[in-house]
> 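If you scroll down you'll find the structure; I have some questions about it.
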Amino acid sequence: GGSMVHPQVPCILFTPICPHSLSFRPLMFPDYCQLCIQVPVNSRGHVWASFDGKDRTELAPGDAVVVRLSRWPVPSVAAEADPSSDWFSAVRECLHWNIRKVQGGAGA
């Protein structure tokens with residue numbers, strides 16, 4: 001349930017997974033920001049972190065996870081000469097934007 005972000009937008013997309021409240025929404029930060037998510041020192045419970053759905057790691061009170069843009073961007077492959085057109089075409093096709101479905105008659 002994260003936001004759709006064009007590949008040429010320089011940003012960090014921070015998306016909560018399985019939030020327990022509707023007040024947790026995806027956030028976009030400028031690419032120069034650095035996020036620090038820290039477990040409170042007086043935390044009464046256990047905190048676990050999982051990255052890309054891999055094995056989880058327990059974080060102790062006072063531990064922190066720092067998130068920042070990589071120095072090495074992940075290259076993307078575009079089927080068309082213009083990557084923007086390719087991205088918009090893929091989004092339009094996947095979400096069925098501006099596609100009119102032919103409906104059958106009453107007897108169909």
Side-chain angles (χ1 to χ4, degrees):
S3 300
M4 294 186 305
V5 181
H6 190 278
Q8 294 178 346
V9 174
C11 70
I12 296 173
L13 181 59
F14 189 78
T15 306
I17 305 297
C18 301
H20 297 285
S21 168
L22 290 177
S23 62
F24 293 107
R25 299 284 185 210
L27 300 168
M28 287 176 52
F29 296 98
D31 61 349
Y32 57 82
C33 285
Q34 180 172 297
L35 307 175
C36 179
I37 301 103
Q38 185 171 14
V39 180
V41 177
N42 60 352
S43 176
R44 294 178 290 150
H46 296 279
V47 176
W48 296 88
S50 176
F51 305 95
D52 289 333
K54 304 296 182 200
D55 295 332
R56 62 186 189 157
T57 302
E58 185 173 10
L59 302 177
D63 284 352
V65 175
V66 177
V67 179
R68 65 178 168 264
L69 198 69
S70 172
R71 284 184 250 166
W72 302 279
V74 176
S76 59
V77 178
E80 298 180 21
D82 178 16
S84 287
S85 295
D86 187 48
W87 187 80
F88 285 112
S89 296
V91 169
R92 185 181 324 103
E93 186 177 315
C94 289
L95 297 179
H96 304 287
W97 286 350
N98 295 326
I99 296 176
R100 186 173 289 226
K101 186 174 181 178
V102 177
Q103 297 179 357

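Only this structure's heavy atoms are used, side chains among them; waters, hydrogens and symmetry mates stay out.
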> Can you measure from SG (C33) to CG (L27) and round to the nearest 0.5 angstrom?
11.0 Å
> If Ile, Leu, Val, Met, Phe, Trp and Tyr residues are connected whenever their side-chain heavy atoms lie under 4.5 Å apart, and connections chain through other members, are I37 and V47 in the same group?
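Per the 4.5 Å side-chain linkage, I37 and V47 are co-clustered.
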> Do M4 and L95 have side-chain heavy atoms sitting under 4.5 Å apart?
yes
> Search all heavy atoms of P61 against all heavy atoms of V39 and return the closest pair with its distance.
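Between these two residues, the closest heavy atoms are CA-CG1, 3.8 Å.
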> What are the two closest heavy atoms between L69 and C11, and how far apart are they?
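Shortest heavy-atom contact: CD1-O, 4.0 Å.
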> So do F88 and H6 actually touch side chain to side chain, heavy atoms under 4.5 Å?
yes
> Side chains of M28 and V5: does their closest heavy-atom pair fall under 4.5 Å?
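Counting from C-beta outward, M28 and V5 do come under 4.5 Å.
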> Applying a strict under-4.5 Å side-chain criterion to I, L, V, M, F, W and Y, I'd like to know whether F51 and V66 cluster together.
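Each belongs to a different hydrophobic cluster.
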> Going through the distances and angles, do T15 and R25 end up as a side-chain contact (heavy atoms from CB on, under 4.5 Å)?
CA-CA 7 Å; T15 306; R25 299 284 185 210; over 6 Å; no
> Is there side-chain contact between V67 and Q34, with heavy atoms separated by less than 4.5 Å?
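SC-SC contact between V67 and Q34 ruled out.
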> For L13 and S3, work out which heavy atoms get closest and say how close.
CD2-O, 3.5 Å
> Hey, does the side chain of E58 reach the backbone of W48 with a donor-acceptor pair shorter than 3.5 angstrom?
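Not confirmed, E58 side chain does not pair with W48 backbone.
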> Given side chains that start at C-beta, do those of Q38 and D63 come closer than 4.5 Å, heavy atoms only?
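Result no, sub-4.5 Å side-chain heavy-atom pair not found.
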> Are L35 and F29 side-chain neighbours, meaning at least one heavy-atom pair lies under 4.5 Å?
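Side-chain contact under 4.5 Å: yes.
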